[in-house]
Each structure stands twice: as C-alpha cells, then as structure tokens.
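What you see is a predicted model; the values in this text were computed from it and never measured. All heavy atoms count here, side chains included; hydrogens, waters and symmetry mates do not.
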Amino acid sequence: AILAAKNVDVNFINMSIQHMLPGETATYKSIDTVIDQDEAVNYPTEFLNSLDLSGLPPHIINLKVGVPIILLRNIDPPCLCNGTRLAVKRLLNNVIEATILIGKFKGEDVLIPRIPMIPTDMPFQFKRL
C-alpha cells in the first residue's frame with residue numbers, strides 16, 4: 001500500500017503506474033450540476049468540474065483495460081459494495097465492465113454504470129454523475 005497525504009500525490013502515482021500498462025487510454029468526464037437551480041449562477045459548471053474532493057472521483061478519469069479500480073458506492077450489495085476492488089475488463093461509453101478481484105464474488109464479471117454522487121461536506125449541494 002502507498003500512503004499519501006494529498007489527492008494530487010495519489011493521482012500522480014496512479015497515472016505513473018497506468019502509463020506503464022499497454023493499451024489505449026479511455027477518458028471519462030463527469031457531469032456536474034448544482035441541485036438547487038437557483039444556485040447555478042453562483043457555482044458554474046467549470047467551478048464544479050475543478051473540485052477534487054475526498055470520496056468523489058475526479059472530473060476526468062483516465063482508465064485502461066487491466067487497471068485496478070475501487071468502488072466508491074454501494075451499487076448491488078453484497079456483491080458490489082463500497083470498497084470492492086475490481087480490474088477493468090472492457091471500457092464502454094457509459095459502462096465499465098470489470099472483474100471482482102477479492103472476496104466471496106471473486107472472479108465474477110460485473111457492469112459499473114454511471115452513478116450520481118452527492119457530497120455532504122460542502123456548503124452547497126451538487127451532483128457528480
């Protein structure tokens with residue numbers, strides 16, 4: 001395990017390791033929106049895209065087939081729970097096909113869709129899809 005104090009350090013290490021893997025990189029961008037539309041003027045999309053919060057994926061994610069990923073939300077308990085480790089098998093436009101690496105469901109292929117995430121530690125509410 002590599003411990004790092006900041007998300008910037010973790011992202012740098014992840015990207016360094018990913019560059020060593022063969023294959024093409026697929027880029028996924030989030031869709032960030034303010035929940036209260038009256039606040040949309042105060043928090044433009046560019047600002048929301050720039051937020052890099054703990055517990056939320058970054059606005060832009062670059063992935064390759066074979067990279068390990070970790071699930072940040074419960075999707076289908078007990079199979080797909082927060083913290084489940086997976087390996088990317090196939091990268092599609094709106095879905096990631098992955099294989100579970102550990103636990104009771106090890107070796108099972110699953111689909112990870114785009115899911116909405118709403119951080120609770122912000123002075124305003126926004127949704128990252």
Side-chain angles (χ1 to χ4, degrees):
I2 299 172
L3 300 177
K6 297 182 180 179
N7 287 342
V8 172
D9 298 328
V10 174
N11 291 339
F12 175 76
I13 292 167
N14 286 339
M15 291 307 296
S16 298
I17 293 170
Q18 187 169 309
H19 283 300
M20 294 180 206
L21 295 173
E24 291 187 32
T25 302
T27 301
Y28 293 90
K29 291 185 180 182
S30 69
I31 301 169
D32 298 332
T33 55
V34 178
I35 292 176
D36 181 6
Q37 291 304 316
D38 295 334
E39 293 288 330
V41 174
N42 298 330
Y43 304 103
T45 304
E46 294 79 16
F47 170 72
L48 299 176
N49 293 347
S50 71
L51 296 176
D52 190 14
L53 305 171
S54 181
L56 268 187
H59 169 60
I60 298 175
I61 297 177
N62 295 308
L63 295 173
K64 286 184 179 181
V65 171
V67 298
I69 57 176
I70 189 166
L71 203 57
L72 295 176
R73 288 276 304 265
N74 291 338
I75 296 178
D76 184 23
C79 182
L80 294 175
C81 295
N82 181 16
T84 301
R85 288 172 175 79
L86 308 113
V88 173
K89 187 174 181 179
R90 220 167 47 149
L91 297 164
L92 306 169
N93 287 336
N94 292 310
V95 175
I96 297 170
E97 185 177 350
T99 304
I100 299 175
L101 294 176
I102 60 171
K104 182 180 176 183
F105 300 96
K106 181 179 179 179
E108 187 174 320
D109 291 340
V110 294
L111 298 175
I112 311 294
R114 288 184 176 261
I115 53 175
M117 299 185 83
I118 301 171
T120 57
D121 57 348
M122 296 291 293
F124 61 96
Q125 286 195 320
F126 81 99
K127 176 175 67 173
R128 178 162 283 174
L129 182 66

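- Hydrophobic cluster of Met20: no remaining members, since no ILVMFWY side chain lies below 4.5 Å from it.
- Judged by distance alone, the side chain of Ser16 and the main-chain N or O of Phe12 form a donor-acceptor pair under 3.5 Å.
- The cluster map of Ile, Leu, Val, Met, Phe, Trp and Tyr, joined by side-chain heavy atoms under 4.5 Å apart, puts Ile115 and Leu86 in the same cluster.
- No donor-acceptor pair under 3.5 Å is formed between the side chain of Asp32 and the backbone N or O of Thr45.
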Discussion item. Run Val110 and Ile100 through side chain to side chain contact (heavy atoms under 4.5 Å, CB included) and show every step you take.
Written reply: CA-CA 7 Å; Val110 294; Ile100 299 175; 4.0 Å; yes

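- Contact detail for Pro44 and Val41: the closest heavy-atom pair is CD-O, 4.2 Å.
- Nearest heavy-atom pair, Met117 versus Pro57, reported as atom, atom and distance to 0.1 Å: SD-CD, 3.6 Å.
- Grouping the Ile, Leu, Val, Met, Phe, Trp and Tyr side chains by contacts below 4.5 angstrom, directly or via other members, places Ile69 apart from Leu101.
- The shortest side-chain heavy-atom distance between Thr84 and Ile70 does not fall under the 4.5 Å cut-off.
- Shown here for Leu71 and Ile75, the closest heavy-atom pair between the two residues is CD1-CD1, 3.7 Å.
- Using a distance-only test at 3.5 Å, with no hydrogens or angles considered, a donor-acceptor pair links the side chain of Arg73 to the main chain of Pro116.
- Between Leu80 and Phe105, every side-chain heavy-atom pair lies at or beyond the 4.5 Å cut-off.
- Minimum interatomic distance between Leu56 and Pro119 (heavy atoms only, all atoms of both residues): CD1-CG, 3.9 Å.
- Between the side chain of Arg85 and the main chain of Gly103, no donor-acceptor pair closer than 3.5 Å is present.
- Considering all non-hydrogen atoms of both residues, Asn74 and Asn82 come closest at OD1-N, 2.7 Å.
- Put simply, Leu111 and Leu63 are part of two different groups of oily side chains (I, L, V, M, F, W, Y) that touch within less than 4.5 Å, one to the next.
- Enclosure of atom CG in Asn93 is not indicated, since only 12 or fewer non-hydrogen atoms of other residues, nucleotides or ligands lie within 6.0 angstrom.
- Side-chain atoms of Glu46 and Asn49 form no donor-acceptor pair, as typed in the model, at a separation below 3.5 Å.
- Here side chain to side chain donor-acceptor pair (under 3.5 Å) pairs that include residues 96-119, with residues two or more places apart or in two chains, are Lys89-Asp109, Arg90-Glu97, Asn94-Arg114, Thr99-Asp109.
- Side-chain contact between Leu21 and Val65 is absent, with no heavy atoms from C-beta onward closer than 4.5 Å.
- Counting only heavy atoms from C-beta outward, the side chains of Leu91 and Tyr28 approach each other to under 4.5 Å.
- His59 contributes atom NE2, which lies 11.5 Å from atom CG of Asp52 (distance to the nearest 0.5 angstrom).
- Looking at Val34, Ile31, Thr33 one by one, the single match for side chain to side chain contact (heavy atoms under 4.5 Å, CB included) with Leu48 turns out to be Val34.
- Cluster annotation: Ile61 and Ile112 are assigned to the same hydrophobic cluster (Ile/Leu/Val/Met/Phe/Trp/Tyr, side-chain heavy-atom contacts under 4.5 Å, transitive).
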Discussion item. I'd like to know whether Tyr43 forms a ring pair (Phe, Tyr, Trp, His ring centres under 6.0 Å) with Phe126, so could you lay out the CA-CA distance, the side-chain angles of the two residues, the decisive distance to 0.1 Å, and finally the verdict.
Written reply: CA-CA 9 Å; Tyr43 304 103; Phe126 81 99; 8.9 Å; no

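- Take Thr27 and apply the side-chain hydrogen bond (donor to acceptor under 3.5 Å, both in side chains) test, not counting sequence neighbours, and it matches Asn62.
- Sparse packing is recorded around NZ of Lys127, with 12 or fewer heavy atoms of other residues, nucleotides or ligands lying under 6.0 Å away.
- The two residues Leu72 and Gly55 come nearest to each other via the heavy atoms CD1-O, 3.9 Å.
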